[in-house]
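Here the structure comes first, spelled out in C-alpha cells, and everything after it is commentary.
Along the sequence shown, residues carry numbers from 1.
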Amino acid sequence: MFKNLLVYRMAAGWTMAIDRLEELLSQDAFVECGASQEKSVGWAPPRGKAHGAFVEVVDGQWLLKLMIETKAVPASVLKRKVEEQCAQIEASTGRKPGKKESRDIKDDAKLALLPMAFSKQGSVQVWIDPGASLVMLDAASSGKADEVLTSLVKAIEGLNLSLVQTTVSAASAMAEWLRTGEPPAGFSIMRECELKATDDTQAVVRYARHSLDIDEVRQHIAAGKLPTKLAMNWDDRVNFILTDAFQIKKIAFEDVVFEGTTSKDDDGFDTDAAIATGELRKLIPDLVLGLGGELALGQAPS
C-alpha cells in the first residue's frame with residue numbers, strides 16, 4: 001500500500017472528528033480537468049470506489065487520497081504551432097512578432113491544443129496516525145510532498161505540519177553504521193548504497209547488489225563522502241531505503257508479514273492497510289530512536 005514515506009509531526013493540540021474531516025475533504029473533491037485546463041487536484045475516496053468515503057479508518061488509522069491530473073502539450077508540437085502562426089503574421093504584415101506578441105501567440109496556441117492533449121492521473125496516499133500525532137505521505141519527492149501539504153492545509157482547518165527532524169542527521173548516522181558495521185538494534189544493512197562527496201566535485205559512488213562491509217566503502221567515508229541512500233531491513237519484516245533527508249523509500253514487506261493473514265474485505269483494502277500501517281507504526285519510532293530520537297523544536301541536528 002505504501003512505497004515511500006515522508007513523516008510529519010502535527011502541531012500539539014490538533015483534533016478533528018472524522019465526520020468533520022469527511023465534510024472538509026468532500027468540499028475539495030477531485031474533478032477531472034476541463035477541456036482547456038492544464039491541472040486538477042482534489043481529494044478522492046482512498047478505497048477507489050465511486051461515491052465512497054473520503055476518509056477510511058482502519059485499526060484507528062486514517063487514510064486519505066489526493067488525486068492529481070495533468071495535461072501537457074508536447075513542447076515540439078507547441079513550438080511548431082507558434083512558428084507557423086508567427087510565419088503567417090510575417091507573411092501578411094511584413095514584420096516579425098515582438099516578444100510580447102509571441103508570448104500571447106504561445107499562450108493562445110497552448111489553449112487551442114490542450115483539448116487534444118492526453119491527460120495523466122496520479123494519486124498520493126496520506127496516512128494520519130492521530131494517536132501518534134503523525135502524518136505520513138506516500139510521496140517519492142519533496143516537490144510532490146509540498147503539493148500534498150498545500151492541499152492538506154487548504155482543506156483541513158487548523159492543521160499545522162512540520163517534517164520530523166532527528167537528533168542525529170540521517171547522513172551522519174548512515175556513515176557511522178557503514179564505518180562500524182553496527183546499525184541500530186533491529187536493523188540490518190542491505191546491499192545498496194549511494195555515497196556523495198561534500199566538496200565541489202560532488203563525486204558520487206553507487207553500490208548495487210554488493211556487500212557494503214568492505215574497506216573500500218569505509219575509505220570513501222574517511223575521504224569525506226556521505227551516504228545519501230542506504231538499503232536497510234527492519235526486524236526481518238520490512239525492506240526499505242533510507243535517504244539523507246530522512247525519506248523512507250522503496251518499502252517492501254517480507255513474506256513473513258503476510259503469513260496467517262486472510263482478507264476479510266472484498267477488495268483487500270482493509271487487510272492491506274492494517275498490515276502496512278501495523279508494521280510501519282513500529283518501524284518509524286525504532287528508526288527515529290536509531291537516529292538519536294526526535295529533535296526538539298529549535299534544535300539543530302548533529
Answer yes or no: is there a side-chain heavy-atom contact under 4.5 Å between [X] and [Y]?
X: Phe30; Y: Val41; result: no
X: Lys144; Y: Ile68; result: yes
X: Asp235; Y: Lys282; result: no
X: Trp127; Y: Met1; result: no
X: Ile18; Y: Trp62; result: yes
X: Val204; Y: Thr228; result: no
X: Leu24; Y: Met16; result: yes
X: Gln121; Y: Met67; result: yes

Report the distance from atom [atom1] of [X] to atom [atom2] of [Y], rounding to the nearest 0.5 Å.
X: Trp177; Y: Ile221; atom1: CH2; atom2: CD1; answer: 12.0 Å
X: Ile251; Y: Asn239; atom1: CD1; atom2: CG; answer: 10.5 Å
X: Cys33; Y: Lys120; atom1: SG; atom2: NZ; answer: 13.0 Å
X: Leu66; Y: Leu152; atom1: CG; atom2: CG; answer: 7.5 Å
X: Lys39; Y: Thr70; atom1: NZ; atom2: OG1; answer: 7.0 Å
X: Glu259; Y: Glu254; atom1: CD; atom2: CD; answer: 10.5 Å

Take Glu157 and Arg20 through the test salt bridge (Lys or Arg N to Asp or Glu O under 4.0 Å) and record every step on the way to the result. CA-CA 10 Å; Glu157 55 197 18; Arg20 177 56 179 164; 2.9 Å; yes
Just checking, any donor-acceptor pair under 3.5 angstrom between side chains of Ser40 and Glu69?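 The answer is no; no qualifying pair exists.
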Whether the Asp213 and Ser211 side chains hold a donor-acceptor pair (N or O, under 3.5 Å, no angle test) is what I'd like checked.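 There is no such pair (donor and acceptor under 3.5 Å, judged by atom type) between the side chains of Asp213 and Ser211.
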Is there a continuous path of hydrophobic side-chain contacts, each under 4.5 Å between heavy atoms, that joins [X] to [Y]?
X: Val55; Y: Leu137; result: yes
X: Ile275; Y: Val256; result: yes
X: Leu163; Y: Leu5; result: no
X: Phe269; Y: Leu25; result: no
X: Val58; Y: Val124; result: no

Going through the distances and angles, do Asp244 and Lys196 end up as a side-chain contact (heavy atoms from CB on, under 4.5 Å)? CA-CA 11 Å; Asp244 55 345; Lys196 188 174 183 179; over 6 Å; no
Are any side-chain N or O atoms of [X] and backbone N or O atoms of [Y], one a donor and one an acceptor, separated by less than 3.5 Å?
X: Glu22; Y: Phe54; value: yes
X: Gln202; Y: Asp199; value: yes
X: Lys249; Y: Ala140; value: yes
X: Asp138; Y: Asn4; value: yes
X: Lys71; Y: Ser36; value: no

For [X] and [Y], work out which heavy atoms get closest and say how close.
X: Gln125; Y: Leu64; answer: OE1-O, 3.5 Å
X: Ala276; Y: Phe2; answer: CB-CD1, 3.8 Å
X: Leu178; Y: Arg218; answer: O-CG, 3.9 Å
X: Pro45; Y: Gly52; answer: CG-O, 3.5 Å
X: Lys65; Y: Trp43; answer: O-CE3, 3.3 Å
X: Val257; Y: Arg237; answer: CG2-O, 3.3 Å

Test Arg103 against Asp107 for salt bridge (Lys or Arg N to Asp or Glu O under 4.0 Å), laying out the working first. CA-CA 6 Å; Arg103 286 197 300 269; Asp107 291 341; over 6 Å; no
Between Met232 and Phe240, is the side-chain contact (heavy atoms from CB on, under 4.5 Å) condition met? List the steps. CA-CA 6 Å; Met232 304 191 74; Phe240 64 97; 3.7 Å; yes
Determine whether Arg80 and Glu83 satisfy the following criterion, salt bridge (Lys or Arg N to Asp or Glu O under 4.0 Å), listing intermediate values before the conclusion. CA-CA 5 Å; Arg80 185 169 67 248; Glu83 288 174 347; over 6 Å; no
Under the side chain to side chain donor-acceptor pair (under 3.5 Å) test, residues paired with Lys81 that sit two or more places apart: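 For Lys81, no residue satisfies side chain to side chain donor-acceptor pair (under 3.5 Å) once neighbours in sequence are set aside.
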Hydrophobic side-chain clustering at under 4.5 Å (ILVMFWY, transitive links): who's grouped with Leu289? Put none if nobody.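 Noted: Leu289 shares its cluster with no other residue.
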Can you confirm whether more than 12 heavy atoms, excluding those of Arg95, are under 6.0 Å from its CZ atom?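 Yes, because the 6.0 Å sphere around CZ of Arg95 holds more than 12 heavy atoms from other groups.
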Is it true that, when you exclude Lys225 itself, more than 12 heavy atoms of the residues, nucleotides or ligands shown sit nearer than 6.0 Å to its NZ?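 It does: Lys225 NZ has more than 12 such atoms within range.
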For a side-chain contact (heavy atoms from CB on, under 4.5 Å) check, start with the C-alpha distance between Glu176 and Thr180, then their side-chain angles and the critical distance, and finish with the verdict. CA-CA 6 Å; Glu176 182 65 11; Thr180 62; 3.3 Å; yes
Start with the C-alpha gap between Arg206 and Glu194, add the side-chain angles, then the distance that decides, and say whether salt bridge (Lys or Arg N to Asp or Glu O under 4.0 Å) holds. CA-CA 4 Å; Arg206 296 184 178 91; Glu194 179 179 281; 2.8 Å; yes
Below 30° counts as parallel, above 60° as perpendicular, anything between as tilted: where do the rings of Phe253 and Phe258 land?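 Geometry flag for Phe258 against Phe253: perpendicular rings.
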Could you please spell out the steps behind the side-chain contact (heavy atoms from CB on, under 4.5 Å) verdict for Leu134 and Met10? CA-CA 6 Å; Leu134 294 175; Met10 291 190 287; over 6 Å; no
